[in-house]
Amino acid sequence: MAAKIIGTGSYLPQKVLTNFDLEKIVDTTHDWIVSRSGIIERHIAAEDEMASDLAVQASRRALQAAGISVDEIDLIIVATTTPDQIFPSTACILQDKLGIKQGAAFDVQAVCSGFIYALNTAELFIRSGQARTALVVGTDVLSRLLDWTDRGTCVLFGDGAGAVVLQHSETPGILSSKLHADGSQRNMLAALGNIRNGALQGNPFITMDGKAVFKFAVKVLSEVVEEVLAENNMQGADIDWLVPHQANIRIMEATAKKLGLSMDKVVVTVAHHGNTSAASIPLALDTAVRDGRIQAGQNVLLEAVGGGFTWGAVLLRW
Ligand code: UT7
């Protein structure tokens with residue numbers, strides 16, 4: 001039994017925050033942000049808009065693209081680091097908002113690698129026969145975890161959601177998936193706060209050693225993409241589209257270079273939404289599917305790295 005993506009969808013909140021807007025908030029410039037990250041603007045969720053609300057919009061679009069009704073969904077996995085509340089899970093809230101009554105629903109927390117972790121988990125459920133049609137969602141409102149006085153982080157992140165419908169299939173589909181983690185690197189990128197006895201303990205904002213993250217990301221992404229390619233006796237030249245986690249254009253360029261891929265084979269959407277964490281890969285994937293770049297029969301490679309540290313890759317035949 002194989003698992004195949006049969007529909008994609010995405011959603012960005014209405015409010016746009018440009019680099020020029022940020023120039024008025026912190027000591028930064030549009031040129032610095034573009035040259036260091038490739039980001040031009042990001043979207044910010046409305047006061048009353050939660051991760052599940054973004055997820056609902058992206059999911060409806062994915063279901064519509066797949067041409068299936070909610071009655072067929074028997075598994076929902078939501079990757080998020082910014083759940084609506086402590087519990088129940090955002091996946092259960094999404095299930096209710098979509099009017100789905102059947103199947104399992106749970107969240108996965110692997111920060112920016114969350115979608116890759118969720119997709120691999122859903123694939124295993126389908127391959128084992130425990131589920132037939134899964135809704136796999138990445139949704140994050142990281143703007144809520146930003147310290148708007150820290151120019152080293154607040155210029156990089158934004159809010160959004162992306163979703164795919166993954167269904168059992170006689171033909172692949174997902175060819176290989178690899179996940180990794182190294183918890184000893186957990187303080188390089190973190191939001192350390194927690195709730196105790198009704199009060200916030202510690203720093204709830206994102207802290208990051210940007211330079212260390214950059215170096216680590218380039219190294220592990222190159223390793224994991226080689227790992228999935230080798231498993232399929234493929235090389236960089238066999239890849240039609242690389243759809244990387246949209247954190248920073250320079251990390252994407254470095255990974256493409258190591259694979260020997262030119263940038264016109266890389267789907268890049270970071271300019272218009274910044275780093276949306278778990279949402280970034282399904283957002284980029286949906287863009288390239290809807291604009292016709294990704295075509296049936298092509299080899300598509302997804303990869304991500306994020307807090308934990310976590311990283312992974314999924315190789316697909318579209
Ligand atoms: O999913 C993973 C998420 N995280 C990432 O992908 C982040 C990975 N890291 C990066 O993308 C880069 O390290 C950054 C974009 C965060 C920073 O770029 P950099 O080229 O590593 O810059 P830097 O940290 O070495 O800083 C260079 C200078 C410093 O000034 P001095 O010390 O040279 O005078 C910073 O203080 O740039 C300064 N700087 C800024 N200037 C204007 C730092 N942030 C800003 C800013 N605007 N927003």
Side-chain angles (χ1 to χ4, degrees), residues 17-42 79-82 108-118 138-143 145-160 162 179-182 185-192 205-225 243-256 266 268-271 273-284 302-313:
L17 188 70
T18 67
N19 293 346
F20 297 108
D21 296 328
L22 282 167
E23 285 182 357
K24 296 176 198 139
I25 301 173
V26 281
D27 181 13
T28 193
T29 63
H30 169 75
D31 290 346
W32 189 95
I33 301 170
V34 172
S35 67
R36 295 303 216 282
S37 70
I39 300 166
I40 294 172
E41 59 191 17
R42 66 289 293 141
T80 187
T81 302
T82 46
V108 159
Q109 217 287 41
V111 201
C112 298
S113 312
F115 183 76
I116 296 289
Y117 267 66
T139 182
D140 266 311
V141 283
L142 277 199
S143 66
L145 300 181
L146 293 176
D147 173 357
W148 293 99
T149 65
D150 176 13
R151 67 178 183 172
T153 52
C154 76
V155 304
L156 299 174
F157 297 95
D159 303 335
L179 303 181
H180 294 280
D182 179 357
Q185 303 298 326
R186 67 188 184 279
N187 290 328
M188 211 155 53
L189 173 57
L192 296 165
F205 297 120
I206 293 175
T207 55
M208 178 175 73
D209 179 346
K211 268 198 185 320
V213 170
F214 194 101
K215 237 175 107 179
F216 189 86
V218 172
K219 177 179 175 290
V220 299
L221 288 175
S222 303
E223 287 169 3
V224 76
V225 296
V243 187
H245 169 45
Q246 306 288 313
N248 181 311
I249 185 72
R250 292 187 298 145
I251 297 177
M252 293 185 245
E253 285 167 352
T255 313
V266 184
V268 180
T269 56
V270 69
H273 54 65
N275 183 346
T276 56
S277 193
S280 96
I281 289 179
L283 265 165
L302 319 179
E303 45 88 334
V305 59
F309 252 74
T310 55
W311 63 101

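Order of appearance sets the numbers: ligands from 1, and atoms from 1 within every ligand. Basis for what follows: all heavy atoms, side chains included, without hydrogens, waters or symmetry-related copies.
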*Asks:* Would you verify that at least one protein heavy atom lies under 4.0 Å from atom 14 (C) of ligand 1, or report that none does?
*Replies:* no
*Asks:* Look at atom 39 (N) of ligand 1 and find which of W32, W311, F157 reaches it with the closest heavy atom.
*Replies:* W32
*Asks:* Measure from atom 34 (O) of ligand 1 to the protein's non-hydrogen atoms and state whether any distance is below 4.0 Å.
*Replies:* no
*Asks:* Of the protein's non-hydrogen atoms, which lies at the shortest distance from atom 16 (C) of ligand 1, and what is that distance?
*Replies:*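 Sorting protein heavy atoms by distance from atom 16 (C) of ligand 1 puts L156 CD1, 3.8 Å first.
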*Asks:* Residue-level breakdown please: for S37 versus ligand 1, do any non-hydrogen atoms fall below 4.0 Å on the side chain, on the backbone, on both, or on neither?
*Replies:* neither
*Asks:* Indicate whether atom 1 (O) of ligand 1 is within a distance of less than 4.0 angstrom of some protein heavy atom.
*Replies:*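 When distances to the protein are checked, atom 1 (O) of ligand 1 has a heavy atom within 4.0 Å.
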*Asks:* So do the side chains of I116 and L179 get within less than 4.5 Å of each other, counting heavy atoms only?
*Replies:* yes
*Asks:* Using heavy-atom distances only, which candidate in V213, L22, V111, N19 approaches atom 5 (C) of ligand 1 most closely?
*Replies:*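 Minimum heavy-atom distance to atom 5 (C) of ligand 1 goes to V213.
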*Asks:* Given the protein's heavy atoms, is any one of them under 4.0 Å from atom 19 (P) of ligand 1?
*Replies:* yes
*Asks:* Measure the distance from atom 6 (O) of ligand 1 to every protein heavy atom, then report the residue, atom name and distance (to 0.1 Å) of the closest one.
*Replies:*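 Result: A247 CB, 3.5 Å.
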*Asks:* Consider only side-chain N and O atoms of D140 and T82, and report whether a donor and an acceptor are under 3.5 Å apart.
*Replies:* yes
*Asks:* Identify the protein heavy atom lying closest to atom 36 (O) of ligand 1, giving its residue, its atom name and the separation to 0.1 Å.
*Replies:*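 Atom 36 (O) of ligand 1 sits closest to the protein heavy atom R151 NH2, 2.9 Å.
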*Asks:* Answer side chain, backbone, both or neither: which part of V305 comes under 4.0 Å from ligand 1, heavy atoms only.
*Replies:*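 It is the backbone that gets close, since no side chain atom is under 4.0 Å.
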*Asks:* In the protein, what heavy atom is nearest to atom 25 (O) of ligand 1, and what distance, to one decimal place, separates them?
*Replies:*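 Result for atom 25 (O) of ligand 1: K211 NZ, 2.7 Å.
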*Asks:* Closest non-hydrogen protein atom to atom 10 (C) of ligand 1, residue and atom name please, with distance?
*Replies:*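 Atom 10 (C) of ligand 1 sits closest to the protein heavy atom N248 ND2, 3.6 Å.
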*Asks:* Considering only protein heavy atoms, which is closest to atom 4 (N) of ligand 1, and at what distance to one decimal place?
*Replies:*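 Minimum-distance protein heavy atom for atom 4 (N) of ligand 1 reads M208 SD, 3.4 Å.
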*Asks:* Any protein heavy atom sitting closer than 4.0 Å to atom 29 (C) of ligand 1?
*Replies:*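 When distances to the protein are checked, atom 29 (C) of ligand 1 has no heavy atom within 4.0 Å.
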